Amino acid sequence: ESIADVCLEKFDALPKKGKPDATKTEWTVYAAIVMCDEEKKEKKVVSLGTGNKCSGKNCNLDGSVVQDCHAEIIAHRSFKRFLYDQLLKHLSQNNSLIFTTQSDPSSTSLNPLSLKIKDNITFHLYTSHAPCGDSCIFAEDTMIVEVPSKKQKRSRPESNPEESESNQQQNQTLTDIPKPPKSKKMKLSSLVEPDQIGDVILIKDNLQRTGAKCLQNEPQDPRDSGPTWHVTGVLRMKPGRGSPSHCLSCSDKIAKWNALGLQGALLSHFIPVPIFLSSIIIGDLFSYPAIFRALVERISNLNLLTTARPKIAHVQKQFVFSKNKIEAQAFLNQQKSIACGASINWSFDGTNSGVHEVLIGSMGKKQGANARSWNSVKIRSSLSKIEFYGKWKEILGRVEIGEKKTLE
């Protein structure tokens, strides 16, 4: 709960740019990584991200585009930017918040620094919504609002004089509730109380589904009725209605972090010991069996030296722009909710302002990008692969210079 509070407070402190517009009933997903210092008893958000969109298969693959702008992935890439910043601080001033040199380093050309995370430092992931993909597949009890059509209202027989007063009141309530814009049935957030709406039907053994499609070489969804619609534990592509994406689902990527660490391939040259999450805290659409299966259980049989088993926790406090919350409010006001197109990224750099960017989620470049400026460095995100590679080369160059001075 305290980790979620720190994350939500940090989001509130961010500038307004890139945040959803409440007047337009926009929603988004929010994720953040928190650093906990056990010695100082401090919790600090070191990276965060918002977003729910990604680029299609036709985007250029030169490393200048952030292809996946889902919140969890943006928070992770912002975390890697934080790691690069801390590495540079360690090399220049040896005052990194998180890194220390191993006591018996086996420095090689592949691991010239041989750094590790300080023993008193742990990292924790918060996300306002269950990660897309396998984490979202589970059986649930679903509230469905039944709204009569105009035709049904006209054909309703006149009230029977012998009908009880309670039944008359119930019929009046059912007639007066607002209709959603298109469908006659709508799934509601658990925040909406039945007596606020009218006639609420509880459906047992309904399956919470995902729009993420199975990879071609994986077992495919049988799409049978009820709980057997999906197959579980397989790799999936990002869900979406636009151009198909070649990005793996957030569930698959977080499972990979639990297997290989948060640092990624390039940073592993300097950080030989993987950086793992100690806990994962999730808000809406939480099912412990599904989350554990998707993020932890399915990698437990891999033949790896180390894998993470982070604690899985649920937090009741909702993110102010969560999909469930905004959809419920939009329904009550007879409006339509929409996904926010912007993607915020932020990471701690030692200052209060930090490194802050706003991207166009479906394009993977900074706001203001268009066809004329597409190849401009100014609209390229510092989270792009080409920018990370430039930082990696800078660190490698400093390490090689330091080694030469040592030999001299």
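Since the model is a prediction, treat every value here as computed from it, not as a measurement.
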Once rounded to the nearest 0.5 Å, what's the spacing between atom CZ of Arg398 and atom CG of Leu88?
5.0 Å
Which residues share a side chain to side chain donor-acceptor pair (under 3.5 Å) with Ser362, sequence neighbours left out:
none
For Tyr84, side-chain contact (heavy atoms from CB on, under 4.5 Å) partners two or more places apart:
Leu266, Leu267, Phe388, Lys391, Trp392, Ile395
Using side-chain contact (heavy atoms from CB on, under 4.5 Å) as the criterion, list what pairs up with Asp12, not counting sequence neighbours.
none
Does some side-chain heavy atom of Arg81 sit less than 4.5 Å from a side-chain heavy atom of Arg77?
no
Output a table of donor-acceptor pairs, distance under 3.5 Å, between side-chain atoms of residues 284-296 and any protein atom two or more places apart or on a different chain; print 'none' if there are none.
unit_1 : atom_1 : unit_2 : atom_2 : d
Asp284 : OD1    : Gln318 : NE2    : 3.0
Asp284 : OD2    : Gln318 : NE2    : 3.2
Asp284 : OD2    : Ser322 : OG     : 3.2
Arg293 : NE     : Asp134 : OD2    : 2.9
Arg293 : NH2    : Asp134 : O      : 2.7
Arg293 : NH2    : Asp134 : OD2    : 3.4
Arg293 : NH2    : Ile137 : O      : 3.1

Near Asn217 CG, under 6.0 Å, is it more than 12 heavy atoms from other residues, nucleotides or ligands?
yes
Under 3.5 Å, is there a donor-acceptor pair between the side chain of Thr28 and the main chain of Gly51?
yes
Between Leu97 and Gln86, is any pair of side-chain heavy atoms under 4.5 Å apart?
yes
Report yes if the side chains of Val315 and Tyr126 come closer than 4.5 Å at any heavy-atom pair, otherwise no.
yes
Can you tell if the side chain of Lys317 reaches within under 4.5 Å of the side chain of Leu8, non-hydrogen atoms only?
yes
Going by side chain to side chain donor-acceptor pair (under 3.5 Å), name the residues that satisfy it together with Ser135, two or more places apart in sequence or in a different chain.
Ser251
Judged by modelled atom types alone, do Arg309 and Asn258 share a side-chain donor-acceptor pair under 3.5 Å?
no
So, using ring-ring contact (aromatic ring centres under 6.0 Å, His included) as the criterion, who are the partners of Trp257 when residues are at least two apart?
His76
Quick one: does any side-chain atom of Gln220 pair with a main-chain N or O of Glu218 as donor and acceptor, under 3.5 Å?
yes
For side-chain contact (heavy atoms from CB on, under 4.5 Å), just list the numbers for Ile74 and Leu383, CA-CA rounded to whole Å, side-chain angles, deciding distance to a tenth of an Å, and then say yes or no.
CA-CA 8 Å; Ile74 292 297; Leu383 300 184; 4.2 Å; yes
Straight-line distance of Ser384 OG to Lys366 NZ, nearest 0.5 Å:
9.5 Å
For the side chain of His230 and the backbone of Thr210, is there at least one donor-acceptor N/O pair under 3.5 Å apart?
yes
Do Ser279 and His124 pair up side chain to side chain, a donor and an acceptor below 3.5 Å, judged on atom types alone?
yes
Taking the side chain as every heavy atom from C-beta outward, state whether Leu48 and Leu14 have any pair of such atoms under 4.5 Å apart.
yes
I would like to know whether Asp62 and Ile386 meet side-chain contact (heavy atoms from CB on, under 4.5 Å); could you show each step before the answer?
CA-CA 8 Å; Asp62 60 358; Ile386 195 169; over 6 Å; no
Looking at CZ of Phe99 and NE2 of His90, how far apart are the two atoms once the value is rounded to the nearest 0.5 Å?
8.5 Å
Which atom of Glu327 lies closest to which atom of Ser337, heavy atoms considered
CG-OG, 3.2 Å
Of all the heavy-atom pairs spanning Lys325 and Val320, show the shortest one and how long it is.
CD-O, 3.9 Å
Non-hydrogen side-chain atoms of Ile344 and Lys19 separated by less than 4.5 Å:
yes
Would you call Cys69 and Ile73 a side-chain contact if the rule is heavy atoms closer than 4.5 Å?
no
Which atom of Lys365 lies closest to which atom of Val65, heavy atoms considered:
CE-CG2, 3.8 Å
Got a second to check how far Ile98's CD1 is from Lys118's NZ, nearest 0.5 Å?
9.0 Å
For Arg236, all residues meeting side chain to side chain donor-acceptor pair (under 3.5 Å), sequence neighbours excluded
Asp221
Contacts of Val6 that satisfy side-chain contact (heavy atoms from CB on, under 4.5 Å) - sequence neighbours left out:
Lys43, Val45
Minimum heavy-atom separation for Thr25 and Lys336, please, with both atom names.
OG1-O, 2.9 Å
For Lys256, give me all partners under side-chain contact (heavy atoms from CB on, under 4.5 Å), at least two apart in sequence or on another chain.
Leu260
Taking only residues two or more places apart in sequence, or in another chain, which ones meet Lys238 in a side chain to side chain donor-acceptor pair (under 3.5 Å)?
Asp68
Rounded to the nearest 0.5 Å, how far apart are CD1 of Ile275 and NZ of Lys80?
11.0 Å
Stepwise side-chain contact (heavy atoms from CB on, under 4.5 Å) test for Leu235 and Cys214
CA-CA 6 Å; Leu235 298 176; Cys214 303; over 6 Å; no
Any ring pair (Phe, Tyr, Trp, His ring centres under 6.0 Å) involving residues 5-26? Give me the pairs, sequence neighbours left out, ordered by first then second residue.
Phe11-Tyr30, Phe11-Phe319
NZ/NE/NH1/NH2 to OD/OE distance under 4.0 Å, Arg380 and Glu387:
yes
Please determine whether ring-ring contact (aromatic ring centres under 6.0 Å, His included) holds for the pair Phe79 and Phe123, giving the CA-CA distance in whole Å, both sets of side-chain angles, and the decisive distance to 0.1 Å.
CA-CA 10 Å; Phe79 179 74; Phe123 296 103; 5.0 Å; yes
Pair Asp37, Ile121 - check side-chain contact (heavy atoms from CB on, under 4.5 Å), show working.
CA-CA 5 Å; Asp37 189 327; Ile121 299 295; 4.0 Å; yes
Within the structure provided, determine whether Leu115 and Thr100 are in side-chain contact (heavy-atom separation under 4.5 Å).
no
Count the heavy atoms of every other residue, nucleotide or ligand shown that sit under 6.0 Å from NZ of Lys89, and state whether that count exceeds 12.
yes
Backbone N/O of Ala71 and side chain of Thr50: donor-acceptor pair under 3.5 Å:
no
Minimum heavy-atom separation for Cys136 and Pro131, please, with both atom names.
SG-O, 3.2 Å
Side chains of Ser249 and Asp252, donor plus acceptor under 3.5 Å
yes
dist Thr122:OG1 -> Leu277:CG (nearest 0.5 Å) comes out at 10.0 Å
Any residue meeting ring-ring contact (aromatic ring centres under 6.0 Å, His included) with His70, in chain and number order, not counting sequence neighbours
none
Pair Asn345, Glu357: side-chain N/O donor-acceptor within cut-off below 3.5 Å
yes
Please report the closest heavy-atom contact between Lys253 and Leu248, naming both atoms and the distance.
CE-O, 3.6 Å
